[in-house]
Amino acid sequence: TGKRGVCLPFTDTCNPLSSDTVPADTLLSELLNLGRRRGWRSIECRGRDGLSANAPVSVQFYSHILDLTPGAQRVFDGFDSSVRRAIRKAEKSGVGIEIGRDIDSMRTYYTLHCKTRKRHGLPPQPWSFFANLHRCLIGDGLGFVVVAKENHGVGRPVAGAVILRFGQRAVYKYGAADLTRQEIRGSNLVMWHAIWRCIEHGCVTFDFGRTSLGDDGLRRFKLGWGTTESRIGYLKYDLRQEKYVSDRDRVHGWHNRVFRLVPVPVGRIVGALVYPHVA
């Protein structure tokens, strides 16, 4: 699929890091010249702060940020009553939580991740991607993995999440769950323990990641945690056509029906082949 410039690959949002003295139009012009010299087909900026206000938005997503500064109890009190009930139900159901930074924790999460991607009709990212995520970030203390298990932590995994952390900001990057055990609300307990852990480590914000504009269910779920909602605008410039272009959210489409039918091992092979080209 050719060379492309993406700021920053595999992330939901990454505004340009630049000096306030650099005019936005100059920054964008230099970026386009860099892409031309390097033979890129297109340039995508995932966030528009510091760039030209005249550049059109290529695609938009919702963003949901939770303020952690009030402390654990007040943050918990700010959740919707349904969220608080789900957390208490998980605790009463004997769901145990494990938080780790070792590669085994990532492997446990990845098993759930593959099943969840199949349910959503999407090929999973290859294991090598998560292994590198562990090697480069989580293994160095820039994140952790949360896993919920049945029977007070000694049973099978029912939900999990991958949390990344940099400075005082935490990002909920990936989440997965076993839908057959949804009634014990393991995902809610995973999220609460992730938030709690981040508060204990001095984080001031917890980013729930981007949400497709048409995904009302996921949007309601994230709003239920007391988050503040905004929109993320992307910018995309096609260097072959020399113009700004529109893009689309590729999460939903005809491929969902296909990948819901594909066995997990086959989906992993497809993911390994296509993920570097679509992420």
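Here the structure is a predicted model, which is why all the values come from computation and not from measurement.
- Contact annotation: the side chain of Ile163 never approaches that of Lys173 to less than 4.5 Å [non-hydrogen atoms, C-beta and beyond].
- Taking a cutoff of 4.0 Å between a charged side-chain nitrogen and a carboxylate oxygen, Lys149 and Glu98 qualify as a salt bridge.
- Under the 30°/60° scheme for interplanar angles, the aromatic rings of Phe129 and Tyr174 are found to stand perpendicular.
- The aromatic rings of Trp196 and Trp192 sit parallel to each other, their planes meeting at less than 30°, with 60° as the upper class boundary.
- In the hydrophobic clustering of this structure, Leu218 groups with Phe79; members are Ile, Leu, Val, Met, Phe, Trp, Tyr whose side-chain heavy atoms approach within less than 4.5 Å, directly or through other members.
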- Task: Evaluate the side chain to side chain contact (heavy atoms under 4.5 Å, CB included) criterion for residues Leu179 and Arg119: first the C-alpha distance (whole Å), next the side-chain angles of each, then the deciding distance (0.1 Å), finally the verdict.
- Result: CA-CA 9 Å; Leu179 200 61; Arg119 189 172 74 246; 3.2 Å; yes

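- Cluster annotation: Leu223 is not connected to Val171 through the hydrophobic network of ILVMFWY side chains, with a link wherever side-chain heavy atoms come within less than 4.5 Å.
- Considering all non-hydrogen atoms of both residues, Ala177 and Leu112 come closest at C-CD2, 4.4 Å.
- Ring-plane geometry between Phe208 and Phe206 is classed as perpendicular, the angle between the planes exceeding 60 degrees on a 0 to 90 degree scale with a lower cut at 30.
- Using a 4.5 Å heavy-atom cutoff, the side chains of Phe221 and Asn188 are in contact.
- Using a 4.5 Å cut-off on side-chain heavy atoms (C-beta onward), Arg117 and Gln125 make contact.
- A donor-acceptor pair shorter than 3.5 Å can be found between the side chains of Thr180 and Asp178.
- A 4.5 Å side-chain heavy-atom check between Trp225 and Val75 finds every atom pair outside the cut-off.
- Annotation for Phe61 and Ser212: closest pair CD2-CA, 4.0 Å, computed over non-hydrogen atoms.
- Under the 4.5 Å side-chain contact rule for hydrophobic residues, Leu273 and Val262 share a cluster.
- Sorted by first and then second residue, the pairs that involve residues 218-246 and meet salt bridge (charged side-chain N to carboxylate O under 4.0 Å, His left out), not counting sequence neighbours, are Arg36-Glu242, Arg219-Glu229, Lys236-Asp247, Asp238-Arg240.
- Proximity of Asp25 to Leu28: side-chain heavy atoms (C-beta onward) are nowhere separated by under 4.5 Å.
- For residues 134-145, the side-chain hydrogen bond (donor to acceptor under 3.5 Å, both in side chains) pairs, not counting sequence neighbours, are Asn132-Arg135.
- In the hydrophobic clustering, Tyr62 connects to Leu213, either directly or through intervening members, whenever side-chain heavy atoms lie under 4.5 Å apart.
- Side chain of Thr108 to main chain of Asp104: a donor-acceptor pair is present (N/O by atom type, distance under 3.5 Å, no hydrogens or angles).
- We find the NE2-CG distance between His193 and Leu189 to be 4.0 Å, quoted to the nearest 0.5 Å.
- With values rounded to the nearest 0.5 angstrom, Ser63 atom OG is found 8.5 Å from Asp12 atom CG.
- Smallest separation of non-hydrogen atoms from Pro123 and Gly267: CB-O, 3.6 Å.
- Residues Leu164 and Leu137 meet the side-chain proximity criterion, which asks for heavy atoms closer than 4.5 Å.
- Although no hydrogens or angles enter the test, the distance criterion places no donor-acceptor pair under 3.5 Å between the side chain of Tyr275 and the main chain of Val270.
- Annotation for Gly186 and Ala148: closest pair O-CB, 4.0 Å, computed over non-hydrogen atoms.
- Looking at Arg41, its side chain never comes within 3.5 Å of a backbone N or O of Leu239 through a donor-acceptor pair.
- The closest donor-acceptor contact from the side chain of Arg84 to the backbone of Asp77 lies under 3.5 Å.
- With contacts defined as side-chain heavy-atom distances shorter than 4.5 Å, the pair Ser246/Ser58 does not qualify.
- In this structure, Ile97 is not a member of the same hydrophobic cluster as Val145, with clusters built from ILVMFWY side-chain heavy atoms closer than 4.5 Å.
- Between Asp67 and Thr228 the shortest side-chain heavy-atom distance does not fall below 4.5 Å.
- Side-chain N/O atoms of Arg210 and Tyr234 include a donor and acceptor closer than 3.5 Å.
- To the nearest 0.5 Å, atom OG1 of residue Thr26 and atom CG of residue Leu31 are 12.5 Å apart.
- The two residues Asn15 and Arg48 have their closest heavy-atom pair at OD1-N, 3.1 Å.
- In the hydrophobic clustering of ILVMFWY residues, with side-chain heavy atoms under 4.5 Å counting as a link, Leu68 and Ile87 come out together.
- The line from NZ of Lys92 to CD1 of Ile184 is 15.0 Å long, rounded to the nearest 0.5 Å.
- A salt bridge links Glu183 to Arg181: one of the charged nitrogens lies within less than 4.0 Å of a carboxylate oxygen.
- Contact between Cys203 and Arg165 at its shortest, heavy atoms only, is SG-CD, 3.2 Å.
- Here the side chain of Thr13 pairs a donor or acceptor atom with the backbone of Arg46 at under 3.5 angstrom.
- Shown here is Arg74, whose CZ atom has no more than 12 heavy atoms of other residues, nucleotides or ligands within 6.0 Å.
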